[in-house]
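Data first, discussion second: the structure below is written as structure tokens.
Fair warning: this is a prediction, and the values are worked out from it, not measured in the lab. All values below come from the heavy atoms of this structure, side chains included, with hydrogens, waters and symmetry mates left out.
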Amino acid sequence: HMFFLNRTQQVALGAFAPFLIALGWPRDAFAAGIPAPLLGLVAGRRMRALRRNFGYPPTAALLWVAVTDLWLIPSVHFAAMLDPLLYQVMNLTMIAAGLWFWSSVLDPRPRAEAGSSYLTRMASGFLVMFPQILVASTIAFSATDLYAFYALCGRLFPGISPLQDQLGGGIIQWFPPGALNTAVLFVQLGAIRRSEDKASREIKVPEGARVIEARWTGR
């Protein structure tokens with residue numbers, strides 16, 4: 001009944017919820033809860049190849065942008081608003097693409113385990129913001145009512161004009177996800193520090209050697 005409410009829902013489903021799940025890195029918890037036969041299927045050769053190809057951060061970023069923007073095309077959005085089944089497909093694909101993307105760019109493991117460098121993950125998580133800004137700002141500042149079909153079902157808040165509704169939806173699509181894209185940089189900088197600390201602790205010092213440490217970091 002309102003475009004800005006729909007965008008609030010979809011940003012929560014496709015950005016914030018998957019971001020928080022990926023940030024907790026629940027890989028081991030998920031593996032512990034998956035039945036053994038299904039876990040064997042997930043860990044199989046074909047699934048590993050799928051994760052290697054589509055889980056590469058730039059690829060995952062492109063997939064996330066494609067899924068997000070697909071449902072913003074007015075004709076596709078209109079169909080999803082009127083068809084309950086298609087509406088659920090929209091919700092599920094937003095959640096799936098969000099989890100796939102954020103799990104890829106927030107992976108805290110070193111390159112040997114993650115399959116991509118920290119820099120690749122940081123760049124993919126941050127730079128994906130710009131095509132999203134382009135789409136969201138186009139919607140927000142459009143002088144045309146792109147989603148006029150909301151009037152068919154009756155707008156929940158008649159005092160908000162269609163263009164104001166569209167402006168609000170575009171801003172919601174623009175700023176909150178952009179903040180998460182920026183947060184990726186800080187999350188991965190922390191992951192780099194922890195990885196380096198772990199590596200330094202695992203270095204075996206030969207007996208009799210003298211270790212000189214410069215505490216320039218203050219830690």
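Of all the heavy atoms in Ser116 and Arg121, the pair that sits closest is O-NH2, 2.6 Å. Counting all heavy atoms, side chain and backbone alike, Gly98 lies closest to Pro18 at C-CB, 3.4 Å. Closest approach of Ala136 to Gly170, counting heavy atoms only: CB-O, 3.5 Å.
Within a 6.0 Å radius of CZ in Phe186, other residues, nucleotides and ligands contribute 12 heavy atoms or fewer.
Between Tyr150 and His77, some side-chain heavy-atom pair lies under the 4.5 Å cut-off. Looking only at side-chain heavy atoms (C-beta outward), Trp174 and Val135 stay at 4.5 Å or farther from each other. Counting only heavy atoms from C-beta outward, the side chains of Phe149 and Leu82 never approach each other to under 4.5 Å.
Within the 3.5 Å criterion, the main-chain N or O of Gly154 finds a donor-acceptor partner in the side chain of His1. Ser103 places no side-chain N or O within donor-acceptor distance of the main-chain N or O of Trp100, the cut-off being under 3.5 Å.
Take Ser195 and apply the side chain to side chain contact (heavy atoms under 4.5 Å, CB included) test, not counting sequence neighbours, and it matches Pro110, Tyr118.
Residue pairs satisfying the side chain to side chain donor-acceptor pair (under 3.5 Å) criterion with at least one member in residues 154-163, sequence neighbours excluded, are listed as follows: Arg155-Asp165, Ser161-Gln164. The side chain to side chain donor-acceptor pair (under 3.5 Å) contacts involving residues 176-187 comprise nothing, where partners must be two or more places apart or lie in separate chains. Residue pairs that meet the side chain to side chain donor-acceptor pair (under 3.5 Å) test with at least one member in residues 138-148, sequence neighbours left out, do not exist here. The stretch residues 4-17 participates, sequence neighbours left out, in these side chain to side chain donor-acceptor pair (under 3.5 Å) pairs: Arg7-Gln173, Gln9-Tyr87, Gln10-Asn91.
Taking OG of Ser75 as the reference point, atom CG of Leu146 lies at 11.5 Å (rounded to 0.5 Å). Distance check, rounded to the nearest 0.5 Å: OG of Ser124 to CG of Leu119 gives 9.0 Å. Interatomic distance, Ile95 CD1 to Ile21 CD1, rounded to the nearest 0.5 Å: 8.5 Å. Distance CG/Leu92 to CG/Leu13: 9.0 Å, rounded to 0.5 Å. To the nearest 0.5 Å, the span separating CZ on Phe3 from CG on Leu163 amounts to 12.0 Å. Here the straight-line distance linking atom CG of Asp197 with atom CD1 of Ile192 works out to 12.0 Å at 0.5 Å rounding.
Residues Met2, Phe4, Leu5, Val11, Phe16, Phe19, Leu20, Leu23, Trp64, Val65, Phe101, Trp102, Val105, Leu106, Val128, Leu156, Phe157, Ile160, Ile172, Leu180, Val184 make up the rest of the hydrophobic cluster containing Val187, defined by ILVMFWY side-chain heavy atoms closer than 4.5 Å, directly or through other members.
Under a hydrophobic clustering in which Ile, Leu, Val, Met, Phe, Trp and Tyr are joined whenever their side-chain heavy atoms come within less than 4.5 Å, directly or via other members, Met129 and Ile139 fall into different clusters. Note on Leu70: it does not cluster hydrophobically with Leu85, by side-chain heavy-atom contacts below 4.5 Å among ILVMFWY residues. A continuous path of Ile, Leu, Val, Met, Phe, Trp and Tyr side chains, each step under 4.5 Å between heavy atoms, connects Met90 with Leu152, placing both in one hydrophobic cluster. Connection of Val89 to Ile73 is established within a shared hydrophobic cluster, with ILVMFWY side chains joined at heavy-atom distances below 4.5 Å, either directly or through further cluster members. Leu134 and Leu62 are members of different hydrophobic clusters when ILVMFWY side chains are connected at heavy-atom separations under 4.5 Å.
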